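See structure below.
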Amino acid sequence: MSTKKVVISVQEGNKSFKKVDKAQANIRSLVRNAFRLSKQTEFMALSDLNFEVKEGEVFGVVGHNGSGKSTLLNCIIGAMKFDKGSQFHAEGKILKLSLGMGFDPNLSGRENIYVNGSVIGLTFKRIGEIFDDIVAFSGLEKFIDSPVKSYSRGMRSRLMFAIAIHADADIFLFDEFFGGVGDIEFKKKSQDVFNRTFLNDRTLIIVSHNLDVIQKYCDRVMILDQGKQVAIGKPMEMVEAYKALYD
Amino acid sequence: MINKLIAPIAARLESNRLERIWKLALVDFKKRYYNDRLGLVWALLHPLLRIAVYFIIFKYVFSYRQDNYGIFLFAGLILWMFFIESTKGGLTIFRRKRYLIESIQVNKLDLFFSHILGVAIGFLFNLASFLIIMICAGILPSWDILWLPSLILNVMLLSFGGAMILAIIGLYFNDITHAWDIVALFGFWTAGIFFRVEDILKHFPWMKWAHPFLGIVHNSRNVTMYGEPPAWDMYLYNWIAGLIMVAIAMVMYYAHNHKVLERL
């Protein structure tokens with residue numbers, strides 16, 4: 001039995017959202033509905049989750065769109081709160097990374113490297129030191145001063161990946177981090193770097209639709225369906241169970 | 001240059017937070033003029049042209065009598081513009097910075113700090129033009145101008161608190177954008193920017209306590225163009241108003257900041 005300490009623990013984890021019609025978000029409807037606020041519909045994005053992640057473990061989460069995967073990551077990182085009554089505990093610095101989204105499209109690649117690098121905890125000095133490596137790794141030397149809105153999805157992904165590998169945290173949450181990262185050559189290069197950088201006794205939670213990735217990297221996998229925890233187990237078994245669930 | 005100043009402080013604090021706030025502020029400021037042909041020149045031109053328009057209307061159309069009316073306008077208008085730009089920007093801050101909130105977890109308080117700092121960079125351009133024009137007009141500042149930074153800090157407090165309060169309210173009521181436009185319009189015409197504060201208080205004495213900007217505009221003129229110290233009662237009141245506003249904003253922020261992603 002593993003003696004490694006638990007770094008993330010969720011017990012009876014629930015997360016509900018109040019469903020507000022767009023029309024209610026203005027003063028007129030608010031006044032009209034002032035005495036009928038209790039009629040707001042509520043839906044459970046996450047219901048009764050119970051799991052633990054241990055130090056150094058790679059934990060996968062699979063599920064269809066709308067199954068609650070991103071909500072779960074947002075709750076773990078503290079951007080959202082689990083409902084009252086849920087027990088949640090996390091230890092260490094947590095960082096969420098997702099590909100191709102954290103850029104301001106109007107800024108150049110260079111500016112975005114500094115903004116993103118800074119947000120993931122790097123000092124300007126450190127960013128200056130690794131700047132050339134980031135640009136070279138992403139293969140964007142000729143475009144680094146062009147606005148990111150002129151980049152293709154693949155170019156954005158490559159740049160984000162090149163920045164993210166320099167992030168420092170105890171626990172990494174990857175939200176579709178592996179989606180469409182460049183051509184075959186870049187995929188191989190990024191895989192090597194990923195293995196060296198992240199699979200080095202770090203705790204990872206990987207959310208992905210890519211079942212090959214889940215099977216390849218994860219120690220355990222949880223299946224989510226409509227916010228409910230269907231099962232937790234070994235990757236191979238869970239991938240089969242997940243496929244069977246939607247067949 | 002500022003990067004070089006911030007780096008050793010950041011190293012001492014073992015945190016890159018100051019650098020991050022500064023970078024986000026700089027990016028915010030640059031983005032405002034990114035696609036304009038004249039670029040940063042607009043940071044100087046915009047307030048000057050605006051003041052020129054008001055000057056022509058009030059001096060020549062309405063024949064308002066006031067010595068050095070251009071400077072008189074300038075002293076009040078730049079501080080008001082700082083406040084309005086900050087609060088209006090606050091209303092959209094979560095939407096504009098969604099890419100940081102959603103994908104990479106960023107401390108949302110830093111977004112407000114950097115936003116106010118970004119507006120402050122633009123304000124410094126305005127302030128420099130104001131002081132140059134004032135000196136060119138033959139008004140030399142006295143030692144009382146040393147009170148000006150504290151007035152600016154006061155405006156920053158009000159702006160920071162206002163931006164945050166509006167951003168939080170905006171999460172729940174979209175209409176706040178329109179409502180704030182009207183409140184800001186009322187505030188603009190009653191802040192004593194175009195008229196002597198004493199004239200406004202003569203008709204509406206209660207405004208002294210209802211409108212913090214009356215005191216700020218009055219004191220800004222006192223310490224710059226009139227070479228006098230601030231009116232202490234208004235100075236103190238404005239600081240208390242600023243601190244209360246920030247306190248309310250912080251309470252609201254800590255109670256609701258985890259709702260940002262849900263509401264966006």
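In the text below, chain A, chain B and the rest are named by the order of the sequence lines, each starting its count at 1. Worth saying up front: this structure is predicted, and the values here are computed from it rather than measured.
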**Request:** Tell me, for Leu122(A) versus chain B, whether the close heavy atoms (under 4.5 Å) come from the side chain, the backbone, both or neither.
**Result:** backbone

**Request:** Write out all pairs satisfying salt bridge (Lys or Arg N to Asp or Glu O under 4.0 Å) with one or both partners inside residues 249-259 of chain B, taking only residues at least two apart or from two chains.
**Result:** Lys259(B)-Glu262(B)

**Request:** In plain terms, say whether Asp104(A) and Arg96(B) are close enough for a salt bridge, that is, a side-chain N and a carboxylate O under 4.0 Å apart.
**Result:** no

**Message:** Please list all pairs meeting salt bridge (Lys or Arg N to Asp or Glu O under 4.0 Å) that have one or both residues in residues 176-190 of chain B, counting only residues at least two apart or in different chains.
**Reply:** Lys88(B)-Asp181(B)

**Asked** With no hydrogens and no angle check, is any side-chain donor or acceptor of Glu19(B) less than 3.5 Å from a backbone partner on Thr123(A)?
**Response** no

**Complete:** To the nearest 0.5 Å, atom NE2 of His258(B) lies from atom CE of Met80(A) at 10.0 Å

**Prompt:** Is atom CD of Gln11(A) surrounded by more than 12 heavy atoms (other residues, nucleotides or ligands) closer than 6.0 Å?
**Reply:** yes

**Message:** Counting only heavy atoms not in Lys93(A) (residues, nucleotides, ligands), do more than 12 fall under 6.0 Å from its NZ?
**Reply:** yes

**Fill in**
In terms of heavy-atom contacts, Tyr114(A) and Lys23(B) come closest through CB-CE, 3.5 Å

